[in-house]
Amino acid sequence: MAPAKPKTAGHRPAGVMISTVLGVAGAAGLLAYIGAEHGAQVLWNPTGAAIVGGGVAVAAFLAFRTSELLSALSALSAIFRNDAPINQDIADLLEFARCHHRAQVRDAEAVLGRVRSPFLKLGLQLVADGAPVNDILHVMNWRIQKLVERETVEAKLFRTLAGLAPAFGLLATLVGLIGLMASLGTASVGEVGAHMSVALVATFYGVVLANVVFKPIAIKMEQRTARRVGNLNVLLEGILLVRLGRSPTVVADALAEFTRERRDELHGAP
């Protein structure tokens with residue numbers, strides 16, 4: 001009897017992440033509404049933008065290494081797309097399990113050559129080499145830990161910027177108030193308004209950057225890391241079952257259970 005294929009209900013195909021697109025469109029619409037209500041020129045102040053934007057950039061360069069900054073920037077595109085499901089990886093794993101269970105070494109090596117996932121390829125190669133289970137666990141868990149560390153740094157960068165942006169908005173506010181106080185006795189109404197614009201609009205910039213840009217990006221990246229770690233753990237369980245000599249049917253049933261999604265694990269609601 002052929003092993004049951006794992007059910008992957010709830011997985012979406014790789015593509016554009018609709019929630020991110022809606023969020024970006026909503027943020028643009030909100031800012032456009034504010035600008036239309038009060039005038040776009042009222043919300044633009046080059047001095048405040050330079051202090052907030054420049055301050056955030058300088059702080060990022062001081063707090064993080066160049067490689068970490070480049071890695072975080074390259075990861076930005078990930079928040080606009082869904083991760084590809086692991087259906088194909090599971091299919092490759094099950095095909096390898098069938099060949100390995102039947103001692104078809106050449107067929108197993110052919111399957112191994114077609115595996116795209118570096119994580120799965122390494123795990124199956126260790127199985128083919130007859131590595132002890134503890135060694136496989138050690139190596140594969142180390143790979144998962146390195147992924148978590150790298151992606152945690154990327155999310156931490158944007159969380160850090162979310163905390164710094166309002167602070168630089170406050171700095172620009174203080175600069176505007178200092179200029180206002182320094183020229184209060186001789187300044188015209190126009191000059192007073194310019195200083196007040198720096199003081200107030202810069203705070204607006206800091207709040208928007210923190211709560212509409214940096215913090216949502218960090219949350220999205222953290223959620224992505226959690227999903228990726230979950231998928232890697234599913235593949236690791238399958239690798240270990242193959243190494244322990246379980247039948248392909250048992251491996252397929254186990255992976256089907258691991259990938260089945262339930263909204264309520266306590267009461268079993270689908």
Salt bridge present between E95 and R98 (N-O < 4.0 angstrom) = no
Rounded to the nearest 0.5 Å, what separates atom [atom1] in [X] from atom [atom2] in [Y]?
X    : Y    : atom1 : atom2 : answer
S117 : I90  : OG    : CD1   : 11.0 Å
L232 : I86  : CG    : CD1   : 8.5 Å
L235 : L255 : CG    : CG    : 8.0 Å
S19  : N82  : OG    : CG    : 7.5 Å
I144 : N233 : CD1   : CG    : 4.5 Å
T20  : I79  : OG1   : CD1   : 5.5 Å

Any side-chain heavy atom of [X] within less than 4.5 Å of one from [Y]?
X    : Y    : result
T225 : E154 : no
F96  : L120 : no
P248 : V251 : no

Give a yes or no on whether [X] and [Y] share a hydrophobic cluster (residues Ile, Leu, Val, Met, Phe, Trp, Tyr; joining criterion: side-chain heavy atoms under 4.5 Å apart).
X    : Y    : result
V56  : L69  : yes
L174 : V201 : no
F61  : F214 : yes
V213 : V58  : no
I219 : L73  : no

If you look at every heavy atom in [X] and [Y], which pair is closest and at what distance?
X    : Y    : value
A218 : A155 : CB-O, 3.6 Å
H101 : S247 : CE1-CA, 4.0 Å
R150 : S71  : CG-OG, 4.4 Å
V148 : T152 : O-OG1, 2.5 Å
W44  : Y205 : CA-OH, 3.2 Å
C99  : D107 : SG-CB, 3.6 Å

request  = Begin with the C-alpha distance, continue with both residues' side-chain angles, and end with the deciding distance and a verdict on salt bridge (charged side-chain N to carboxylate O under 4.0 Å, His left out) for E68 and R65.
outcome  = CA-CA 5 Å; E68 294 170 342; R65 294 180 297 177; 3.3 Å; yes
message = Out of the candidates K146, R227, R228, only one should pair with E151 under the salt bridge (Lys or Arg N to Asp or Glu O under 4.0 Å) rule; please name it.
response =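 So, applying the salt bridge (Lys or Arg N to Asp or Glu O under 4.0 Å) to E151 and each of K146, R227, R228, only R228 qualifies.
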Let me check something: any side-chain donor-acceptor pairs from residues 126-142 under 3.5 Å, sequence neighbours excluded? List them with distances.
| unit_1 | atom_1 | unit_2 | atom_2 | d |
| --- | --- | --- | --- | --- |
| D129 | OD1 | Q125 | NE2 | 3.1 |
| D129 | OD2 | Q125 | NE2 | 3.4 |
| N141 | ND2 | L137 | O | 3.1 |

message = Looking at R116, is its backbone amide N or carbonyl O close enough to the side chain of K121 to form a donor-acceptor pair, meaning the two atoms are under 3.5 Å apart?
response =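 Flag not set: sc K121 to bb R116 has no pair under 3.5 Å.
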request  = Evaluate the criterion side chain to side chain contact (heavy atoms under 4.5 Å, CB included) for residue pair F119 and L236; output intermediate values, then yes/no.
outcome  = CA-CA 9 Å; F119 181 87; L236 177 55; 4.3 Å; yes
Can you give the donor-acceptor pairs under 3.5 Å from side chains of residues 156-168 to other protein atoms, not counting sequence neighbours?
| unit_1 | atom_1 | unit_2 | atom_2 | d |
| --- | --- | --- | --- | --- |
| R159 | NE | E222 | OE2 | 2.8 |
| R159 | NH2 | E222 | OE1 | 3.3 |
| T160 | OG1 | K156 | O | 2.8 |

message = Using the rule given for side chain to side chain contact (heavy atoms under 4.5 Å, CB included), can you reason through Q88 versus D92, listing the C-alpha separation, both sets of side-chain angles and the distance that settles it, and then say yes or no?
response = CA-CA 6 Å; Q88 185 57 51; D92 292 337; 3.0 Å; yes
